[in-house]
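Below is one structure, written out as structure tokens; comments come after it.
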Amino acid sequence: MSDDRSTEQDYDFRALEAKWGGSWEEAKVFEPQPGDTRERRYVVDMFPYPSGDLHMGHAEAYAIGDVASRFWRFKGYNVLHPIGWDSFGLPAENAAIKNGTHPAEWTYKNIEVQAGSFKRYGLSLDWSRRLHTSDPEFYRWTQWLFLTFFKKGLAYRKDSPVNWCPKDQTVLANEQVVDGACERCGTLVTKKKLNQWYFKITEYADRLVDDMDQLEGHWPDRVLLMQKNWIGRSHGANVRFALEAAGDQPARDIEVFTTRPDTLFGATFMVVAVDSDLAEEIVAPGQRAEFEAYREKAKAATEIERQATDREKTGVLSGRTAVNPVTGEQIPVWISDYVLADYGTGAIMAVPAHDGRDLGFAKAMGLPVRSVVENGDPDPAESGEPSLSPGTAKNSGPLDGLAKEEAIAAAIRLVEERGTGEGTVNFRLRDWLLSRQRFWGTPIPIIHCESCGEVPVPEDQLPVRLPDDLKGEQLAPKGESPLAAAMEWRRVSCPSCGGEALRDSDTMDTFVDSSWYYLRYTSPGLEDAPFSRDAVDEWMPVGRYVGGVEHAILHLLYARFFTKVLYDLGLVGFTEPFSSLLNQGQVINQGKAMSKSLGNGVNLGEQLELFGVDAVRLTMLFASPPEDDVDWADVSPTASSKFLARAWRVARDAGQAGAAGDPADSKDTALRRVTHQTLAQANELLEQSKFNVVVAKLMELTNAARKSIDSGAGAGDPAVREAAMVLTQLLSMFAPYTAEDMHEMLGGEGFVANTRLPEPDPSLLVADTVTAVVQVQGKVRAKLEVSPDVSEAELEEMALSAPPIVRLLEGRSVAKVIVRAPKLVSIVPGK
RNA sequence: GCCCAAGUGGCGGAAUCGGUAGACGCGCCGCACUCAAAAUGCGGUAUCGAAAGGUGUGUGGGUUCGAGUCCCACCUUGGGCACCA
């Protein structure tokens with residue numbers, strides 16, 4: 001039994017961090033070099049927002065990206081792994097208002113703090129490509145891209161009721177409204193009619209769904225599913241119902257969208273959304289007073305109330321009658337708030353027998369219910385439950401007897417022949433509202449001219465810079481952008497007619513910035529374009545994109561949309577930006593998200609002080625698979641520290657023993673096997689991002705090497721040296737400081753980060769004996785040590801003659817023997 | 001309400017294809033070193049049983065020589081969507 005603490009020199013993470021800190025950046029270890037022709041790989045971590053210093057969540061996310069990046073470097077790829085900051089956004093503005101300063105002050109101060117922490121954290125980043133979205137050199141190109149979209153007709157302005165956050169005093173995208181409240185501050189969102197800028201993302205809805213095929217298996221299934229549901233593509237038909245003339249109101253059509261045209265014969269009334277223009281247009285004079293009262297009531301209901309799906313249905317008669325185009329029946333047209341104005345056409349045909357909501361309304365208003373699907377369900381008119389099971393059409397004239405899918409097709413043909421409708425596709429997705437009435441964002445580069453309308457700022461006048469003399473209170477929200485009041489900044493001459501004109505005073509949603517930042521990394525400092533086509537095509541798509549699931553829809557959908565538009569414009573040669581996505585879990589504490597109010601926050605800086613960078617990184621990665629949450633209360637950075645010290649001592653001892661010679665000559669083939677198997681397994685596990693298992697394998701390798709040093713071949717054996725070197729390389733992905741020191745102690749040249757992983761020796765991957773299991777009736781009854789290339793016949797023979805088996809089978813016949821050489825024999829005894 | 005994912009020791013978690021369940025670590029127990037402790041090292045640790053042996057991957061069923069893994073139903077937890085016609 002030996003004690004490996006015998007030398008006075010011992011593991012000291014503080015000394016290591018001091019010794020190796022900054023050396024990688026100085027030596028440009030992680031900067032791709034021009035002219036490097038090796039295959040490229042691109043690793044991007046979702047860039048941080050500069051609020052305060054890095055926290056535990058960052059520590060996990062960036063550790064994950066770092067292992068991926070270092071692994072590819074070890075495999076010999078030319079790897080790009082950049083960093084930047086998502087540095088526009090509200091918190092900077094709120095801080096500026098509070099402190100009477102400009103948002104840039106707070107922003108860039110925080111960025112410097114975070115950059116320092118990133119460097120300390122030992123990440124393999126290329127610092128030369130660093131970007132900040134709030135830099136004019138960056139947002140100049142955000143503006144250029146906006147104008148490019150604008151010229152293509154993909155950016156437009158319209159008046160519409162928008163989500164408005166009364167606290168933040170800004171509009172919100174649909175995606176930023178959660179349960180009727182502002183995603184950021186939790187205030188209940190109200191509707192406000194405003195003139196706003198939109199990106200026409202709906203034009204790409206089909207491709208955003210279809211191109212997910214490319215991502216299947218490379219993105220988490222749930223993210224793809226969430227996007228699919230969010231886009232909400234549904235196939236169906238638009239059907240026009242003739243609205244009869246009444247008084248001096250002329251006849252016209254009401255168009256509805258339905259996914260169930262097969263139930264058209266069961267449409268016994270229609271419903272128009274109360275807040276739609278259509279309701280306003282068609283309501284009969286006699287019903288107007290009642291309608292307006294109802295509309296006021298509906299408006300007063302909060303979004304939460306309106307969305308409660310189980311509340312009693314309400315509505316008023318429009319006083320008008322429509323004609324069911326297939327039955328010729330006259331049916332009443334109702335107005336209700338259960339129909340959405342901004343989905344489909346804002347009006348529906350109601351088939352109460354086969355739709356729960358329509359049935360609820362029919363029951364409330366005493367309207368007829370007619371079943372048109374034969375499916376064995378009880379009659380909804382009596383049961384009060386909608387009949388939803390698939391079946392065959394009935395009471396439906398020409399459709400009778402057809403199964404659901406055929407009936408749908410036949411119904412579409414029917415309305416198409418009669419010119420009263422057609423098959424169509426509808427989406428839940430709405431256009432992306434991108435303008436914000438706030439200061440700290442990319443100014444929208446449009447000039448409004450009385451005579452010329454919306455005029456793009458000429459390219460040579462970009463960027464439209466934010467004024468830097470607005471401070472503190474001047475930035476306070478007033479319901480319109482703080483820029484609106486900066487008349488000196490706004491007043492310009494029209495680029496088209498030279499007359500007096502005003503700049504657009506809104507800024508862009510920061511998701512516009514993050515929709516293309518990963519492209520800019522490929523072309524740092526480029527002055528005449530946002531990125532070079534050659535550079536993006538060389539690096540893109542991103543081979544490993546790491547970030548939280550909270551961006552499953554928003555950011556990732558927008559970035560995919562941008563990429564498709566840029567592809568159509570010929571600016572990039574690919575249609576999907578991120579070919580592989582990894583969602584890391586959260587770092588929590590005691591089963592709950594860390595928060596000030598719970599008082600369970602863990603401070604990253606403190607953890608780094610206590611245990612060191614390497615131990616914290618290792619703890620994060622060993623705790624669980626990267627996509628699972630890490631509960632800091634369940635893990636032990638102390639244990640990581642101990643392991644690192646053990647590993648470090650292995651390298652120290654091997655280094656001090658000064659081993660020389662070919663590992664192939666070592667007698668310690670057991671250790672060599674472990675080394676090469678670890679190498680092979682680590683390769684496979686890293687490919688699958690199973691970092692926690694890789695760490696377990698490294699612990700086993702460390703233990704095996706320790707054993708050889710203490711009670712085997714000894715520290716001077718070349719097999720020990722080999723083990724120590726492989727350990728050092730693999731460990732460097734997780735614990736870069738410790739590993740650089742181990743590399744040096746082992747007499748390695750330069751940085752371990754610059755080495756390549758050796759190929760495992762295939763002859764060492766097969767053991768000289770394997771344990772074969774003998775099962776009787778599925779239970780393990782004997783184990784045999786056999787050669788890995790034992791024949792099936794031999795193995796069967798050995799199994800049947802093994803004493804425990806012979807004993808068990810005494811007096812019984814053998815019905816069947818299944819042999820899977822060399823691992824298993826399964827015996828089925830007869831009666 | 002609809003859709004999805006996951007349930008494995010005291011804990012975090014392992015387990016290519018259906019083939020020895022519980023790797024690795026934490027915690028705990030014991031031992032060595034020490035005056036003692038810390039640190040370090042070594043050993044043990046699913047469960048019932050003295051042992052032989054039995055039982056065990058949320059529950060109940062099924063397929064199979066063999067199921068943590070596949071199928072069906074259910075329970076629980078987490079997530080997404082939520083009057084989207």
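Everything numeric in this text was worked out from a predicted model, so none of it was measured. Lettering of chains follows the sequences in order, A, B, ..., and the numbering in each one begins at 1.
In this structure, A:Leu621 places its CG atom 14 Å from C1' of B:G13, rounding to the nearest Å. In this entry the distance linking CG of A:Asp629 with C1' of B:G12 reads 12 Å, nearest Å. Per the geometry, CZ belonging to A:Arg646 stands 14 Å off C1' belonging to B:A39, to the nearest Å.
The A:Thr259 side chain lies nearest to B:A85 when the options are B:U16, B:A82, B:A85. Side chain of A:Ile818, nearest nucleotide from B:A14, B:C65, B:C83: B:C65. Residue A:Asp634 has its side chain nearest to B:G12 when only B:G12, B:U20, B:C83 are considered. Here B:C65 is the nucleotide among B:A85, B:C65, B:C42 with the atom lying nearest to any side-chain atom of A:Ser826. Closest to the side chain of A:Asn692, from the set B:A14, B:C24, B:U20, is B:A14. For A:Lys823, the listed nucleotide lying nearest its side chain is B:U20; candidates were B:C42, B:U20, B:C26.
Residue A:Arg781 has no polar side-chain atom (N or O) positioned under 4.0 Å from OP1 or OP2 of B:U20. Between A:Arg820 and B:C65 there is no side-chain polar atom (N or O) within less than 4.0 angstrom of OP1 or OP2. Of the side-chain N and O atoms in A:Ser636, none sit less than 4.0 angstrom from OP1 or OP2 of B:G27. Taking only side-chain nitrogens and oxygens, A:Asn703 never comes nearer than 4.0 Å to OP1 or OP2 of B:C42. Look at A:Asn426 and you won't find any side-chain N or O under 4.0 angstrom from OP1 or OP2 of B:A85. Under 4.0 angstrom from either OP1 or OP2 of B:C65 there lies at least one side-chain N or O belonging to A:Lys816. At the phosphate of B:A14, neither OP1 nor OP2 sits under 4.0 Å from any side-chain N or O atom of A:Lys690.
Between A:Trp432 and A:Tyr558, the angle of the ring planes stays under 30°, which puts this pair in the parallel group of the 30/60° scheme.
For A:Glu422, the salt bridge (Lys or Arg N to Asp or Glu O under 4.0 Å) criterion is met by A:Arg240, not counting sequence neighbours.
Among the heavy atoms of the strands lying under 4.0 Å from A:Thr258 are primed sugar atoms or P, OP1, OP2 only; no base atom is included. Residue contacts shown for A:Thr638 are absent, as no nucleic acid heavy atom lies under 4.0 Å away. A:Leu225 comes within 4.0 angstrom of the backbone, heavy atoms only, and of no base. Here A:Gln775 lies in heavy-atom contact (under 4.0 Å) with a base.
Anti is the conformation of B:C71, whose glycosidic angle sits further than 90° from 0.
Checking side-chain atoms of A:Tyr11 against main-chain N and O of A:Lys642 turns up no donor-acceptor pair under 3.5 Å.
Residues A:Thr769 and A:Glu785 bring a donor and an acceptor atom of their side chains to less than 3.5 Å of each other. No donor-acceptor contact under 3.5 angstrom links the side chains of A:Asn426 and A:Tyr343, judged on distance only.
Residues A:Phe269 and A:Phe361 bring their aromatic ring centres within 6.0 Å.
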